[in-house]
Amino acid sequence: MFRPFILLLFCSSFLPLSGESPIERVVFVSCFKESKKAPAMAQIARSRPDVFIWMGDNIYGDSEDMAVLRKKYQVAASNPDYVKIQDSARVIGTWDDHDFGKNDVGREFAKKRESQQEFLDFLKVAPDSPRRKREGVYAKHDFGPQGRQVRVILLDTRYHRDAIGSNGTILGEEQWRWLERSLRESPAEVNLLVSSIQVLPSEHRFEKWADFPEEKARLLALLAEEKVPPVLILSGDRHLGEISLKDQGSSYPLYEVTSSSLNSSFGGNSKEVNRLRVGENFGRNNFGMLTLSWGGDFPVIEAAVCDENGEKVLKAKFSLQKSSPK
């Protein structure tokens, strides 16, 4: 049986309620063209997830004009199926470049502070939330009762990111310290790490953690620490879905599930190299789904990439536990 991992994502914190039911279904999406139809959104609404995660490119804003971003967020928020999802699920998320404000941009984006407020408005984050004053939209959320908790860690890979080719930082030092605490001190049985861009795959030419070798090495070293619980990584951006698996020499296999795009796929490239890929990739519209089973000594996760009709086209199943040190 596979014994996985922790997932990284970003957002604000929730304290688990004593009477709260365990999380059983998590849906995660990226790359949503707000002006286009999205049949997958209807399937998600029918599945009634407990948690819904925006992983980035939640709109295609691409503007320094906040009125433009605001209008596009309003269009996205008014999608009838998304309205249904909000009625039943906890909605959390982070951003990527197109909703941040410009294709492939990072810390140099002039309107990043203003854009952050528009994004938090879209997520309905309270005006007095600490996230309103933080530099970046990274956050963590805890769900479920003690003994059956899920922690979702949402990263911000835009606000502090240096230029590609600089081998500089993706997260910035303050976010790094926050991430280290969020993982080392996690009380959760399931830890999800959400990154808008892919972490493990390194061969493709698009944005990825491998463009910043020192940052990627630092992250993998952190995830391999004895005090850090197993993590499952969730990512988007690529306009294809795939599952990657890395044996990093630690006590559990590290998985990454990539889901993209919700309604604007490019058809993908079935021949694209990813030496860590499990099975094939999927180039049509898709969304990601985690199904959590809590009956045994350790939670079991079924991770899936679903097509826009809700069929699970890619799957992996594993338990989230570390093996005992030898």
Side-chain angles (χ1 to χ4, degrees), residues 1-11 13 16 22-28 50-51 53 55 92 138-155 171 176 178-195 198-201 209 216-235 242-259 276-278 288-305 314-326:
M1 180 180 289
F2 291 128
R3 304 168 187 175
F5 49 171
I6 282 180
L7 255 185
L8 293 171
L9 322 106
F10 58 86
C11 209
S13 299
I23 297 300
E24 296 181 346
R25 184 174 292 111
V26 177
V27 165
F28 49 102
D50 300 304
V51 178
I53 302 169
M55 297 192 298
I92 61 176
Y138 58 92
K140 66 177 181 289
H141 296 271
D142 292 336
F143 303 105
Q146 185 175 1
R148 295 188 174 188
Q149 287 186 27
V150 175
R151 170 164 287 189
V152 179
I153 301 171
L154 300 163
L155 300 180
L171 302 183
W176 266 114
W178 168 86
L179 173 60
E180 290 164 354
R181 292 193 304 271
S182 297
L183 287 170
R184 291 168 181 160
E185 299 172 4
S186 175
E189 285 67 37
V190 173
N191 291 271
L192 304 177
L193 178 63
V194 178
S195 170
Q198 286 186 311
V199 175
L200 298 181
W209 275 73
K216 181 174 179 178
R218 180 175 179 178
L219 178 59
L220 293 180
L222 174 62
L223 298 184
E225 285 185 8
E226 184 177 349
K227 292 183 178 180
V228 170
V231 171
L232 170 60
I233 301 172
L234 306 180
S235 62
E242 63 183 356
I243 298 173
S244 302
L245 172 60
K246 179 177 176 60
D247 180 358
Q248 58 173 358
S250 64
S251 57
Y252 72 96
L254 180 63
Y255 278 90
E256 177 174 346
V257 184
T258 300
S259 174
L276 301 178
R277 184 185 300 127
V278 177
M289 179 181 289
L290 305 179
T291 304
L292 282 62
S293 300
W294 296 95
D297 293 335
F298 298 93
V300 174
I301 293 180
E302 181 191 72
V305 174
L314 304 173
K315 290 190 294 184
K317 193 172 185 177
F318 41 84
S319 65
L320 283 178
Q321 67 180 101
K322 285 189 174 181
S323 52
S324 301
K326 295 181 180 180

Contacts of Ser182 meeting side-chain contact (heavy atoms from CB on, under 4.5 Å) (sequence neighbours excluded), chain-then-number -> Lys140, Arg151, Ile153, Trp178
With sequence neighbours left out, the residues meeting side-chain contact (heavy atoms from CB on, under 4.5 Å) with Arg148 are Pro22, Pro145, Trp294
Rounded to the nearest 0.5 Å, the CD1 atom of Ile233 sits from the CG atom of Leu220 at a distance of 7.0 Å
Apply side-chain contact (heavy atoms from CB on, under 4.5 Å) to the pair Phe143 and Asp50, showing each step before the final yes or no.
CA-CA 10 Å; Phe143 303 105; Asp50 300 304; over 6 Å; no
Nearest 0.5 Å, please: how far is CG in Leu219 from CH2 in Trp176?
4.5 Å
Between Ser235 and Met55, what is the shortest heavy-atom contact and its length?
O-CE, 3.0 Å
Approximate separation, where rounding is to 0.5 Å, of Glu24 CD and Leu292 CG:
8.5 Å
How far apart are the closest heavy atoms of Ala304 and Phe28, and which atoms are they?
O-CZ, 4.4 Å
Distance in Å, Glu242 CD paired with Arg277 CZ, rounded so as to fall on 0.5 Å steps:
4.5 Å
Identified side chain to side chain contact (heavy atoms under 4.5 Å, CB included) partner of Ser186 from the options Val228, Asn191, Asp142
Asn191
Roughly how far, to the nearest 0.5 Å, is CD of Gln198 from NZ of Lys216?
9.5 Å
For Leu320 and Phe298: C-alpha separation, side-chain torsions, deciding distance, then whether side-chain contact (heavy atoms from CB on, under 4.5 Å) applies.
CA-CA 7 Å; Leu320 283 178; Phe298 298 93; over 6 Å; no
Can you find a heavy atom in the side chain of Trp209 that is under 4.5 Å from one in the side chain of Ser195?
yes
Do you know the tightest heavy-atom contact between Tyr252 and Gln321?
CB-O, 4.0 Å
Which residues pass the side-chain contact (heavy atoms from CB on, under 4.5 Å) test with Leu314, sequence neighbours left out?
Ile243, Phe282, Val305
Please find the pair of heavy atoms, one from Ser259 and one from Gly288, that lie closest to each other, and give the distance.
OG-N, 3.0 Å
Would the distance check show the side chain of Glu256 and the main-chain N or O of Leu200 forming a donor-acceptor pair, the cut-off being under 3.5 Å?
yes
Could you give the distance from CG (Leu234) to CG (Leu155), rounded to the nearest 0.5 Å?
10.5 Å
Backbone of Glu189 reached by a side-chain donor or acceptor of Gln149 within 3.5 Å
no
